[in-house]
Student: 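Mind looking over this structure? Questions follow.
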Number of protein chains: 2
Amino acid sequence: MNMKEIAQLAGVTAATVSNAINGTGNVSEKKRKEIMEIIEKEGYSPNRFAKSLRTKESNTIGIMVEDITAFQTPRIINGINNYVEKQGYAVILNNMSLLEKTGNHYSELSSYQSAISKSIKLFNKTQIDGLVYVAMHDRDVMELIPKLSIPIVLVYCYDTSKKNYYVTYDNMDVIADVAEYLVKHGHEKIGVIKGAEDSLPSQKRLRSFITQLEKAGKELKEEYIFPGAWEFGDGVKAYERFKQLEEKPTAIFAMNDLMATGFMDAALNDGVRIPEDVSVIGFDNRQECRFTRPRLTTVDIPLEKMGEKAGQVLLDLISGKTPENRKVILPCEFLEKNSVI
Amino acid sequence: MNMKEIAQLAGVTAATVSNAINGTGNVSEKKRKEIMEIIEKEGYSPNRFAKSLRTKESNTIGIMVEDITAFQTPRIINGINNYVEKQGYAVILNNMSLLEKTGNHYSELSSYQSAISKSIKLFNKTQIDGLVYVAMHDRDVMELIPKLSIPIVLVYCYDTSKKNYYVTYDNMDVIADVAEYLVKHGHEKIGVIKGAEDSLPSQKRLRSFITQLEKAGKELKEEYIFPGAWEFGDGVKAYERFKQLEEKPTAIFAMNDLMATGFMDAALNDGVRIPEDVSVIGFDNRQECRFTRPRLTTVDIPLEKMGEKAGQVLLDLISGKTPENRKVILPCEFLEKNSVI
DNA sequence: CTGTTAGCGCCTTCAA
DNA sequence: TTGAAGGCGCTAACAG
């Protein structure tokens with residue numbers, strides 16, 4: 001069934017049918033209704049290839065994800081999908097599977113670059129109207145993203161060159177909440193397990209944490225700052241250090257759930273009680289850490305909303321609107337569970 | 001840049017370029033090489049809308065997932081993607097978000113049906129060549145899947161009407177492994193927490209489990225069969241029953257990780273030691289249950305492989321080949337961790 | 001308010 | 001072995 005046939009049934013020409021469907025030109029209300037009824041009855045929908053060929057618009061966006069099995073990715077995709085579908089856009093997905101290829105060696109630029117250029121080449125062939133890049137680590141991807149002829153929006157990462165639009169979450173405010181929460185619970189000696197040394201989110205979180213403690217008239221002792229690099233094992237190592245301390249912190253803020261869980265696991269193995277002997281807070285609200293004992297108090301990142309916002313910014317860009325800011329920063333939510341006393 | 005322009009650069013006509021690209025017709029090797037070089041140099045790729053309009057093939061498949069945040073979904077998508085991309089197909093994704101809409105009320109057919117028909121309507125407009133349906137519960141979806149004009153392959157579910165092709169995993173063999181493993185570890189009194197009453201996988205697992213115990217000369221006592229419906233809370237309830245028993249099982253096989261974790265959690269709260277007092281085995285290898293203490297011995301479902309296989313079957317169907325069987329059943333892997341002694 | 005016309009980029013005869 | 005011509009289904013510009 002094509003437009004011409006519909007037109008014949010309606011006793012008009014294809015152009016009028018087209019106008020009726022798209023609300024373009026002038027079609028009398030009566031004719032429009034007639035036409036729409038026939039379309040409904042016949043179950044007709046316009047051939048999108050013909051339409052796209054003609055209009056140069058595909059009404060399709062691409063999502064390239066660093067890794068679909070990374071914990072953030074599905075929720076972000078979900079958010080993007082929800083938004084753009086409502087606007088009549090389809091979504092083409094490409095998974096670069098970078099967890100397999102690079103693991104956590106974020107610095108292996110060349111693997112990233114080759115995967116990215118491969119993915120972009122793929123999208124090039126598909127005539128999409130815009131692209132969302134979903135990272136699996138919150139970091140600067142400036143060097144990774146080539147110049148494209150279509151709009152692109154980055155999610156879960158940032159771009160210090162300010163060339164690209166990106167959507168991310170706020171570290172500062174929620175970390176202040178975390179610090180305040182620990183202070184309110186009467187903790188004086190508080191420790192932090194940091195993220196990777198060169199990670200900006202890690203630095204920001206540390207800064208915000210210290211600032212908030214200072215507001216409460218407390219300081220973060222140098223020896224209570226444990227190095228880490230986001231992995232479970234780093235939490236275990238932090239516990240080993242913790243154990244050696246004469247005067248131990250009564251609370252630990254680990255910059256992600258994996259390290260928090262590693263710390264708790266090692267501590268519990270050692271007979272340390274949580275939260276009675278030491279309280280623990282994580283960050284990420286990862287599924288893997290949902291059933292720790294005790295349940296881990298943590299921070300939820302607004303992943304769906306980040307996806308929705310990215311979709312919105314992208315569609316704005318596609319339709320020629322210029323969003324106000326290059327970056328969108330969404331607030332996180334503190335989740336109180338049972339790992340702090 | 002279009003085909004005509006490439007043709008001009010090569011001093012031929014568009015028809016020859018088309019033949020060179022697609023390996024159709026007869027083009028001298030020399031000309032073909034020349035043309036391909038120019039294409040490479042100019043970074044040209046054919047307009048897929050024009051091509052699809054002409055050939056009636058989109059080289060695109062759709063994936064409709066019941067819920068992208070369900071634990072199986074990302075790994076399955078991953079598998080499908082990996083396979084079909086290599087064959088030059090793009091993937092359009094649609095997420096029905098059924099976890100939000102129906103939760104675990106699998107029986108709410110009407111919610112399912114409206115979501116599915118909406119999704120299919122959406123795909124109808126996109127002129128895809130084939131469709132993969134990814135379920136979030138392993139169940140009969142016969143009533144849900146309407147007749148389509150394009151091939152469809154179901155994953156993580158089945159179709160007793162045998163109308164559709166589907167790819168799923170094997171319950172019987174791996175459950176025999178589970179039972180055998182418990183017997184080998186010297187367990188005499190073994191309990192089972194069942195899945196939902198009307199669930200075929202649950203029934204199959206029970207049957208296989210009993211069969212294997214019988215082979216070892218053991219029986220599964222009626223009072224050691226605990227009802228359940230796949231949820232964390234069902235594991236907790238099972239523990240309450242367990243607790244009342246005069247003579248308690250020394251090992252529990254929960255038909256999924258959530259119930260296993262619920263059981264463990266309740267037991268540990270009660271001061272019961274795992275695995276010293278009671279051993280536990282789960283099923284699914286869910287991320288949420290990765291950091292239980294002790295780590296949960298469980299069964300991994302070959303989700304990526306199921307996705308790959310589904311992609312393969314679908315592309316076969318698209319290209320007119322008829323796969324041998326309506327169903328593909330892939331083996332699971334038993335994962336030994338630390339929750340059994 | 002509706003119809004006519006032309007052409008988007010590609011592939012497929014058919015002819016040379 | 002290559003080229004010319006036509007048309008896939010749709011929309012935009014213009015004419016009536």
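Each chain gets a letter, A, B and so on, in the order its sequence line appears, and its residues count up from 1. The structure presented is a predicted model; accordingly, all values stated were derived computationally and were not measured.
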Student: Counting the benzene-type ring for Trp, do B:Y133 and B:Y156 have ring centres under 6.0 Å apart?
Tutor: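 Not close enough - the centres of the two rings lie 6.0 Å or further apart.
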Student: Side chain of A:A50: nearest nucleotide among D:dG3, D:dT11, D:dG9?
Tutor: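 Between D:dG3, D:dT11, D:dG9, the one nearest the side chain of A:A50 would be D:dG9.
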Student: Taking CZ from B:R54 and C1' from D:dA5, how many angstroms apart are they, rounded to a whole number?
Tutor: 11 Å
Student: To the nearest Å, give me how far apart CE (B:M3) and P (D:dG6) are.
Tutor: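 From B:M3 CE to D:dG6 P: 20 Å.
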Student: How would you label the contact of B:T55 with the nucleic acid (heavy atoms, under 4.0 Å): base, sugar-phosphate, or nothing?
Tutor: sugar-phosphate
Student: Test of understanding: with side-chain hydrogen bond (donor to acceptor under 3.5 Å, both in side chains), list the residues that count as partners of A:S28, not counting sequence neighbours.
Tutor: none
Student: D:dG9 P sits how many Å from A:I6 CD1, rounded?
Tutor: 13 Å
Student: When you measure from the side-chain N and O atoms of A:S28 to the phosphate of C:dT2, is any distance below 4.0 Å, counting only OP1 and OP2?
Tutor: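 Checking C:dT2 against A:S28, a side-chain N or O does come within under 4.0 Å of OP1 or OP2.
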Student: How many whole angstroms separate atom CD of A:E5 from atom P of D:dG9?
Tutor: 8 Å
Student: Between P on D:dC8 and CG on B:L53, what's the gap in Å once rounded to a whole number?
Tutor: 9 Å
Student: Choose from D:dT11, C:dC11, C:dC1 the nucleotide whose nearest atom is closest to any side-chain atom of A:S18.
Tutor: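 When the side chain of A:S18 is considered, D:dT11 is the closest of D:dT11, C:dC11, C:dC1.
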Student: Report which part of the nucleic acid A:N26 touches: base, sugar-phosphate, or nothing (heavy-atom distance under 4.0 Å, all strands).
Tutor: base
Student: Where the side chain of B:N2 is concerned, which of C:dC10, D:dT2, D:dC10 is the nearest nucleotide?
Tutor: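 The listed nucleotide nearest to B:N2's side chain is C:dC10.
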Student: So, is B:K56 close to the C:dC11 phosphate, meaning a side-chain N or O under 4.0 Å from OP1 or OP2?
Tutor: no
Student: Side chain of B:A15, heavy atoms from C-beta onward: which of D:dT11, D:dG3, C:dC11 has the nearest atom to it?
Tutor: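 Per side-chain heavy atoms of B:A15, the pick is D:dG3.
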Student: Taking salt bridge (charged side-chain N to carboxylate O under 4.0 Å, His left out) as the definition, give me every residue that meets it alongside B:R54, ordered by chain and number, with sequence neighbours left out.
Tutor: none
Student: Hey, are A:E37 and A:K30 close enough for a salt bridge, meaning a charged N less than 4.0 Å from a carboxylate O?
Tutor: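 Looking at A:K30 together with A:E37, the answer is no, because their closest N to O distance does not fall below 4.0 Å.
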Student: Rounded to whole Å, how long is the line connecting atom CG of A:N47 with atom C1' of C:dC10?
Tutor: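 A:N47 atom CG is separated from C:dC10 atom C1' by 14 Å.
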Student: From CG of A:N19 over to P of D:dC14, roughly how many Å is that when rounded to an integer?
Tutor: 15 Å
Student: Does a side-chain N or O of A:Y44 approach OP1 or OP2 of D:dG9 to a distance below 4.0 Å, or not?
Tutor: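 For A:Y44, the contact criterion (side-chain N or O under 4.0 Å from OP1 or OP2 of D:dG9) is not met.
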Student: How many whole angstroms separate atom CZ of B:F49 from atom C1' of D:dG7?
Tutor: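 Result: 19 Å.
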Student: Between A:E29 and A:R32, does at least one N-O distance fall below 4.0 Å, as a salt bridge requires?
Tutor: yes
Student: Hey, does B:N22 reach any base, or is it just sugar-phosphate, or nothing, if we go heavy atoms under 4.0 Å?
Tutor: sugar-phosphate
